[in-house]
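Notes follow the structure.
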Amino acid sequence: MKIKIPRPNSVNFWLFSGLVISFLLEILVQMAIVSDNTITKIVQYILLLSPVFLCFIQFFINKLKLKYKYRYEYELKNGLFLSSVFLISTLWFSHETGKFTSNSILEVIQILLPFIITFTVINSMNLENIHSFMKISLLIVSLGLFYNEWDKLIILSNYTKISLLNSYSPFENNIFPQFAAPLGVYFIYNKHKSPYMAILSLVINFLIFKRVLLLMLLLLFCIKSFKFDNIFYKLGRLTYSFWIIWFLTVSLTYYMYLPENSLYFEHLLNIDFAKFTMARIYRFWYVIEQGFTPYGLGSAAEFLRAKNLSYIGIDFELDFIRIMFEIGPIAVATYILVMLRICKQNLYAVVAVNFYFLNFLMANGMFQYWSITLLLITIAFINTSSKEIDDSDCT
């Protein structure tokens with residue numbers, strides 16, 4: 001396995017190193033090996049954003065002097081537009097209620113940051129360097145999973161307990177899916193270059209066993225294996241039909257989940273919403289039944305954390321439902337539109353993003369900036385590599 005890194009002492013080298021070390025530190029924090037405190041977060045942001053800032057200075061100079069046109073400008077503008085809509089919606093709700101939380105700014109940054117990092121990576125690192133970073137990231141996740149679950153992994157009988165029908169795996173956890181799933185999307189797309197890494201990513205995701213994300217990877221594997229992404233390379237205006245479908249789906253689901261409507265739709269559809277959402281809906285119901293009025297992005301989540309009710313959970317999850325409740329339908333519609341637009345009608349990317357939408361509707365992940373960053377890098381890699389034929393051996 002070849003790992004190709006940028007030339008030492010270059011800005012690109014420090015960007016590559018900052019990404020790897022920051023990613024490793026994030027994994028260690030998630031595993032509770034490193035304390036999740038203010039100092040750790042500052043170190044993470046310094047490691048990650050310092051080289052990004054230096055690259056942006058160079059980008060600005062080149063743009064100013066040479067009128068240089070950068071890749072991913074369209075996507076970055078969409079990311080800026082999206083974060084602006086989230087910020088304006090937050091300020092509106094905050095003004096209406098006379099309340100404000102600093103979590104709103106933090107979550108707007110978490111929406112924008114993946115676009116900034118991806119823009120920097122795509123314009124500073126070549127495809128081989130990006131491929132190497134993704135390899136290192138997958139190895140870190142694999143080692144982290146083994147370290148965290150080794151006592152279960154060494155028991156052979158545990159593997160026989162994995163059940164697709166009952167949606168159960170002894171190795172299921174909430175730490176690694178946010179990292180393993182987008183890496184799986186990347187390596188399945190590049191399975192011809194790195195077949196062993198593609199197999200490893202599938203194995204890791206199968207062990208972690210997050211239903212929606214695993215189904216996504218299996219479907220993407222079929223798309224690549226049968227070359228459907230080449231046959232249906234551009235989806236055309238069909239891409240935007242997904243925008244309408246998803247916005248209507250989120251709006252209808254939100255309406256059905258409201259406490260005053262939920263019993264009627266549970267009887268109508270013969271579905272127990274509590275079981276269907278794995279009890280996440282209780283947090284939504286609790287916030288409404290307490291008479292809470294949202295005052296911007298992150299406000300409902302802050303309210304739940306302040307209550308610290310272990311029997312319903314302290315994280316809101318159900319990201320699309322939370323966004324609809326906290327800052328309204330315009331923000332939801334904008335998020336769906338922007339994520340579909342950056343796919344540039346590519347079948348593989350559109351399928352991946354649609355499954356992420358499903359995960360946002362059923363669980364969370366929208367504000368896990370490393371997860372979204374890895375996904376955006378993958379989509380950018382797909383769009384870039386389709387224009388630049390890379391004949392180098394990345395295996």
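Small disclaimer: the values here were computed from a predicted structure and weren't measured. Hydrogens, waters and symmetry mates play no part in the numbers below; they use all other heavy atoms, side chains included.
A cation-pi arrangement is found for Lys191 relative to Phe221, the charged atom lying closer than 6.0 Å to the ring centre and inside a 45° cone about the ring normal. Annotation: cation-pi pair Lys63/Tyr70 absent, no NZ/CZ under 6.0 Å from the ring centroid and within 45° of its normal.
Hydrophobic clustering, with ILVMFWY side chains joined whenever heavy atoms are under 4.5 angstrom apart, groups Ile33 together with Val20. Linking Ile, Leu, Val, Met, Phe, Trp and Tyr whenever their side-chain heavy atoms come within less than 4.5 Å leaves Ile61 and Tyr68 in two separate clusters.
Exactly one of Phe284, Phe320, Phe325 qualifies for a ring pair (Phe, Tyr, Trp, His ring centres under 6.0 Å) with Tyr254. That residue is Phe284.
Within the 4.5 Å cutoff, no side-chain heavy atoms of Gln345 are placed close to those of Leu238. No side-chain heavy atom of Ile188 sits less than 4.5 Å from a side-chain heavy atom of Ile223. Side-chain contact between Ser124 and Phe59 is present, with at least one heavy-atom pair separated by less than 4.5 Å. Put simply, the side chain of Met256 reaches to within 4.5 Å of the side chain of Phe273, judged on heavy atoms. Between Glu26 and Phe179 there is a side-chain heavy-atom pair separated by less than 4.5 Å. When side chains are defined from C-beta on, Lys41 counts as touching Asp36, because their heavy atoms get closer than 4.5 Å. The shortest distance between side-chain heavy atoms of Leu112 and Phe86 does not fall below 4.5 Å. Considering only heavy atoms from C-beta on, Leu376 comes within 4.5 Å of Phe115 through its side chain.
Look at Glu317 and Arg322 and you find no salt bridge, because none of the NZ, NE, NH1 or NH2 atoms lies under 4.0 Å from a carboxylate O.
In this view, Ile330 and Val85, Thr334 satisfy the side chain to side chain contact (heavy atoms under 4.5 Å, CB included) rule, not counting sequence neighbours. Qualifying side chain to side chain contact (heavy atoms under 4.5 Å, CB included) partners for Asn354, counting only residues two or more places apart in sequence or in other chains: Phe242, Trp246, Leu340, Val350, Phe357.
Phe23 and Phe133 have perpendicular rings, their planes meeting at more than 60° on a 0 to 90° scale where under 30° would count as parallel.
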